[in-house]
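Worksheet for the structure shown next.
For the numbers below, each heavy atom of this structure counts, side chains included, while hydrogens, waters and symmetry mates do not. Numbering starts at 1 and runs along the sequence shown.
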Amino acid sequence: MLNYFLKGEKGTRLRFMGMLLSAILVLLSVFTLTQKGLNFGLDFTGGYLTEFTTSQSVELKELQSFIAKNHNGEFELTAQGNSHFQLREAPSASTTANSPDWQSAVTQNDDINAQVLSSAYIGSQVGDELFDQGCLAMFAAMIVVMIYLAVRFEWRLAVGSVVALVHDLILVLGLFSLLQIEFNLTVLASLLAIIGYSLNDSIIVGDRVRELLRVQSNNVLSPATIINNAIKSTLTRTLITSGTTLATVASVWLLAGAPLQGFAIALFTGIVVGTFSSICIAATLPELLGLSAKNYEVKVDAHTQTLLDMP
């Protein structure tokens with residue numbers, strides 16, 4: 001079915017439309033990031049984190065309203081299940097976080113009957129160091145990826161793979177900014193995993209494009225047709241790999257609980273946009289940059305050519 005849409009001019013048109021859609025989504029993501037920013041978790045901002053359970057199911061809004069009456073600072077309450085809650089307090093509220101007022105209120109109330117499981121404080125300095133180290137790790141990974149692509153591919157294919165990689169990261173960050181999903185260390189780790197997955201997908205398509213260009217040194221087929229053929233020949237493998245990986249990540253998303261939810265959302269989104277970008281960007285952008293079979297022609301000197309022409 002998909003192979004039918006990748007035939008001839010129809011396939012080329014779909015690839016260029018996909019690249020245009022990607023450009024629009026990147027601009028929207030950048031706009032969202034500049035306007036709303038990321039909702040950094042306590043791993044980066046610092047503050048108090050308290051987990052507690054209730055003896056029976058309690059509505060989140062009702063519990064939040066009850067705690068607000070007994071809490072002097074700002075806080076964020078999230079449900080980890082029907083009776084499992086997590087309360088985050090900003091660093092500005094750290095002076096009142098150890099006050100037993102709200103904890104006593106929820107533990108002594110007969111309708112709530114909460115039990116505190118854990119309470120920990122993360123200093124802002126630790127959060128800053130974690131953020132700096134995480135960004136440094138991502139930057140180092142990107143540099144290594146660029147060096148690898150520069151050595152492996154002709155520069156047009158390398159540029160396409162790098163742009164596809166940046167596209168995937170920006171879209172994932174844009175989604176987290178738009179929905180204000182908590183950005184913590186597990187999400188940062190998922191971005192590093194997305195770098196590896198997106199690179200693998202782009203390399204598979206890029207290798208096939210390079211192989212077909214090498215055997216088409218007589219320029220019988222146009223670059224657009226060669227790229228369409230390369231995508232069609234790798235599409236089944238790409239979909240099977242992406243499908244099985246998505247099934248695993250979806251299981252983590254649905255069954256692993258709230259602590260890994262952000263990680264699963266980021267990885268799930270990264271796999272989807274990574275598969276999309278490997279077709280619409282990594283394989284399409286080199287065509288716009290002038291990729292052709294001539295780039296892979298083997299150049300020989302006059303003496304070698306004379307030997308080849310001898311009967």
Honestly curious: do [X] and [Y] fall in one hydrophobic cluster under the side-chain, below-4.5 Å linking rule?
{"X": "Leu192", "Y": "Val144", "result": "no"}
{"X": "Ile204", "Y": "Ile271", "result": "no"}
{"X": "Leu25", "Y": "Val163", "result": "no"}
{"X": "Phe40", "Y": "Leu179", "result": "yes"}
{"X": "Val30", "Y": "Val172", "result": "yes"}

> Which pairs, with at least one residue in residues 172-200 and sequence neighbours excluded, count as a salt bridge (Lys or Arg N to Asp or Glu O under 4.0 Å)?
Replying inline: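 Counting only pairs at least two positions apart or across chains, the salt bridge (Lys or Arg N to Asp or Glu O under 4.0 Å) contacts touching residues 172-200 are Arg88-Glu182.
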
Which pair of heavy atoms, one from [X] and one from [Y], lies closest together, and at what distance?
{"X": "Val273", "Y": "Asp168", "result": "O-OD1, 3.3 Å"}
{"X": "Ser29", "Y": "Leu171", "result": "OG-CD2, 3.3 Å"}
{"X": "Arg156", "Y": "Leu289", "result": "NE-O, 3.0 Å"}
{"X": "Ser190", "Y": "Leu267", "result": "O-CD1, 4.0 Å"}
{"X": "Ser278", "Y": "Ala282", "result": "O-CB, 3.6 Å"}
{"X": "Tyr197", "Y": "Ser242", "result": "OH-OG, 2.9 Å"}

Is there a side-chain contact between [X] and [Y] in this structure, where contact means two heavy atoms from C-beta onward sitting under 4.5 Å apart?
{"X": "Phe183", "Y": "Leu173", "result": "yes"}
{"X": "Leu49", "Y": "Leu87", "result": "no"}
{"X": "Leu117", "Y": "His84", "result": "yes"}
{"X": "Leu285", "Y": "Val159", "result": "yes"}
{"X": "Phe52", "Y": "Ser118", "result": "no"}
{"X": "Phe276", "Y": "Ile281", "result": "no"}
{"X": "Met17", "Y": "Arg13", "result": "yes"}
{"X": "Thr54", "Y": "Asn113", "result": "no"}

> Can you name the ring-ring contact (aromatic ring centres under 6.0 Å, His included) partners of Phe268, sequence neighbours left out?
Replying inline: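 Applying ring-ring contact (aromatic ring centres under 6.0 Å, His included) to Phe268 gives Trp253.
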
Return yes if some donor-acceptor pair links the side-chain N/O of [X] with the main-chain N/O of [Y] below 3.5 Å, else return no.
{"X": "Asn200", "Y": "Ile203", "result": "no"}
{"X": "Thr107", "Y": "Ser104", "result": "yes"}
{"X": "Gln180", "Y": "Gly37", "result": "yes"}

> What residues form a side-chain contact (heavy atoms from CB on, under 4.5 Å) with Asn70, not counting sequence neighbours?
Replying inline: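 If we apply the side-chain contact (heavy atoms from CB on, under 4.5 Å) test to Asn70, skipping adjacent residues, the hits are Phe66, Trp102, Ala105.
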
> Can you list the residues that meet the side-chain contact (heavy atoms from CB on, under 4.5 Å) rule with Leu178, with sequence neighbours excluded?
Replying inline: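 With sequence neighbours excluded, Leu178 shows a side-chain contact (heavy atoms from CB on, under 4.5 Å) to Thr32, given in chain and number order.
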
> Could you go step by step and tell me if Thr284 and Ile227 meet the side chain to side chain contact (heavy atoms under 4.5 Å, CB included) rule?
Replying inline: CA-CA 8 Å; Thr284 305; Ile227 291 174; 5.6 Å; no

Roughly how far, to the nearest 0.5 Å, is the [atom2] atom of [Y] from the [atom1] atom of [X]?
{"X": "Asn39", "Y": "Ile181", "atom1": "CG", "atom2": "CD1", "value": "9.5 Å"}
{"X": "Leu165", "Y": "Ile194", "atom1": "CG", "atom2": "CD1", "value": "9.5 Å"}
{"X": "Leu212", "Y": "Asp207", "atom1": "CG", "atom2": "CG", "value": "11.0 Å"}
{"X": "Leu169", "Y": "Ser198", "atom1": "CG", "atom2": "OG", "value": "7.5 Å"}
{"X": "Leu33", "Y": "Phe31", "atom1": "CG", "atom2": "CZ", "value": "11.0 Å"}
{"X": "Asp201", "Y": "Ser277", "atom1": "CG", "atom2": "OG", "value": "7.5 Å"}

>> Determine whether Glu51 and Val116 satisfy the following criterion, side chain to side chain contact (heavy atoms under 4.5 Å, CB included), listing intermediate values before the conclusion.
In response: CA-CA 6 Å; Glu51 293 190 31; Val116 177; over 6 Å; no

> Going by atom types only, do Asn228 and Arg15 share a side-chain donor-acceptor pair under 3.5 Å?
Replying inline: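 Short answer, yes.
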
> Without hydrogens or angle criteria, can the side chains of Ser233 and Arg208 be said to hold a donor-acceptor pair below 3.5 Å?
Replying inline: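 There is such a pair (donor and acceptor under 3.5 Å, judged by atom type) between the side chains of Ser233 and Arg208.
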
>> Testing Val209, Ile226, Val205 one by one against Ile231 for a side chain to side chain contact (heavy atoms under 4.5 Å, CB included), which residue passes?
In response: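 Looking at Val209, Ile226, Val205, the match for Ile231 under the side chain to side chain contact (heavy atoms under 4.5 Å, CB included) is Val205.
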
> Can you name the side chain to side chain donor-acceptor pair (under 3.5 Å) partners of Gln115, sequence neighbours left out?
Replying inline: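 Residues passing side chain to side chain donor-acceptor pair (under 3.5 Å) with Gln115: none at all.
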
>> Per the side chain to side chain donor-acceptor pair (under 3.5 Å) rule, what does the pair list look like for residues 60-69, sequence neighbours excluded?
In response: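 Side chain to side chain donor-acceptor pair (under 3.5 Å) check on residues 60-69 returns no pairs.
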
